Amino acid sequence: MKYSSIVLDKKEYELISELIHPITESANLMNSCISRLKQELKTARLIDETEAFPEDVIRLNSIVDVNTPFGIMKIQLVLPENSNSEQKRISILTPMGSALIGYAETDRIMWEFPNGIQEVEILKVSHSQF
């Protein structure tokens with residue numbers, strides 16, 4: 001992990017916290033990923049608007065190249081209402097979305113996906129249009 005914990009914009013942290021707060025913990029995969037995200041939020045480094053946000057950190061609307069066991073993918077991380085699989089816009093509430101938020105380029109993440117625990121490597125982060 002490039003930074004000692006995930007890094008989040010303070011406003012995005014509050015938004016994500018509001019999104020996941022009502023989700024109850026259960027045995028299903030989505031809730032397992034949300035549970036882990038909740039734990040990561042507890043130790044997240046928060047950046048307020050007076051500080052420069054690191055360019056290499058994934059935040060909402062970031063475009064990310066990731067290496068997965070199924071190959072390299074380019075996705076955009078978005079709020080649930082903006083998700084669109086055809087446009088490769090992935091919701092923060094999916095296993096992939098919850099795995100990526102707050103991590104940085106070159107980070108490798110072990111996360112639970114529908115086919116089991118897999119490693120994802122963050123190859124590139126950009127904040128331009130998809």
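Only a predicted model underlies this, so the values are computations on that prediction, with no experimental measurement involved.
- Taking 4.0 Å as the cut-off between side-chain N and carboxylate O, D65 and K74 count as a salt-bridged pair.
- Residues forming a side-chain contact (heavy atoms from CB on, under 4.5 Å) with E121 (at least two apart in sequence, or on another chain): N67, R108, L123.
- Counting heavy atoms from C-beta on, the side chains of I122 and L100 come closer than 4.5 Å.
- In this structure, the side chains of F113 and V120 come closer than 4.5 Å at one or more pairs of heavy atoms.
- Take S91 and apply the side-chain contact (heavy atoms from CB on, under 4.5 Å) test, not counting sequence neighbours, and it matches P80, S83, L93, T94.
- Residues Y3 and D56 bring a donor and an acceptor atom of their side chains to less than 3.5 Å of each other.
- A continuous path of hydrophobic side-chain contacts links I101 to M1 [ILVMFWY only; heavy atoms under 4.5 Å].
- Within the model, atoms CG of L37 and CD1 of I6 stand 6.0 Å from one another, a figure rounded to the nearest 0.5 Å.
- Summarising the hydrophobic clusters (Ile, Leu, Val, Met, Phe, Trp, Tyr; side-chain heavy atoms under 4.5 Å, direct or chained), the residues clustered with V78 are none.
- Residues forming a side-chain contact (heavy atoms from CB on, under 4.5 Å) with K11 (at least two apart in sequence, or on another chain): D9, E49.
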- Task: Could you please spell out the steps behind the side-chain contact (heavy atoms from CB on, under 4.5 Å) verdict for I20 and L41?
- Result: CA-CA 11 Å; I20 65 175; L41 289 177; 3.4 Å; yes
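- In this structure, the side chains of L60 and L79 come closer than 4.5 Å at one or more pairs of heavy atoms.
- The two residues E112 and P95 make their nearest non-hydrogen contact at O-CB, 3.8 Å.
- Put simply, the side chain of D48 never gets that close to the backbone of K10: no donor and acceptor are under 3.5 Å apart.
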- For V125 and V57, run side-chain contact (heavy atoms from CB on, under 4.5 Å): C-alpha distance rounded to whole Å, both residues' side-chain angles, the deciding distance at 0.1 Å, then the answer. CA-CA 7 Å; V125 177; V57 172; over 6 Å; no
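- Judged by distance alone, with hydrogens and angles left aside, the side-chain atoms of E105 form no donor-acceptor pair with the main-chain N or O of K124 at under 3.5 Å.
- With S62 contributing its side chain and V64 its backbone, the two residues share no donor-acceptor pair below 3.5 Å.
- If you check the side chains of Y103 and E40, you find a donor sitting under 3.5 Å from an acceptor.
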- Begin from the C-alpha positions of I75 and M96 and carry the test side-chain contact (heavy atoms from CB on, under 4.5 Å) through to its verdict. CA-CA 10 Å; I75 60 171; M96 181 65 78; 3.8 Å; yes
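- Between Y13 and L8 the shortest heavy-atom distance is CD1-CD1, 3.9 Å.
- Screening residues 76-86 for salt bridge (charged side-chain N to carboxylate O under 4.0 Å, His left out) gives no qualifying pairs among residues at least two apart or on separate chains.
- Of the inter-residue distances, the one linking E12 atom CD with L46 atom CG reads 11.0 Å to the nearest 0.5 angstrom.
- For A104 against K2, the heavy-atom pair with the smallest separation is CB-CD, 3.8 Å.
- Contact of the R89 side chain with the N82 side chain is not registered, since no non-hydrogen atoms from C-beta on lie closer than 4.5 Å.
- Here the closest non-hydrogen pair linking V7 and F53 is O-CZ, 3.9 Å.
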- In sequence, state the C-alpha distance, the side-chain angles, and the governing distance for T68 and Q118, and then conclude on side-chain contact (heavy atoms from CB on, under 4.5 Å). CA-CA 8 Å; T68 73; Q118 303 288 329; over 6 Å; no
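- With rounding to the nearest 0.5 angstrom, the CD atom of Q76 is 10.5 Å from the CG atom of N84.
- With sequence neighbours left out, S5 forms a side-chain contact (heavy atoms from CB on, under 4.5 Å) with T43, R45.
- Between L77 and N61, the closest side-chain pair of non-hydrogen atoms is not below 4.5 Å.
- At least one donor-acceptor pair under 3.5 Å links the side chain of H127 to the backbone N or O of E55.
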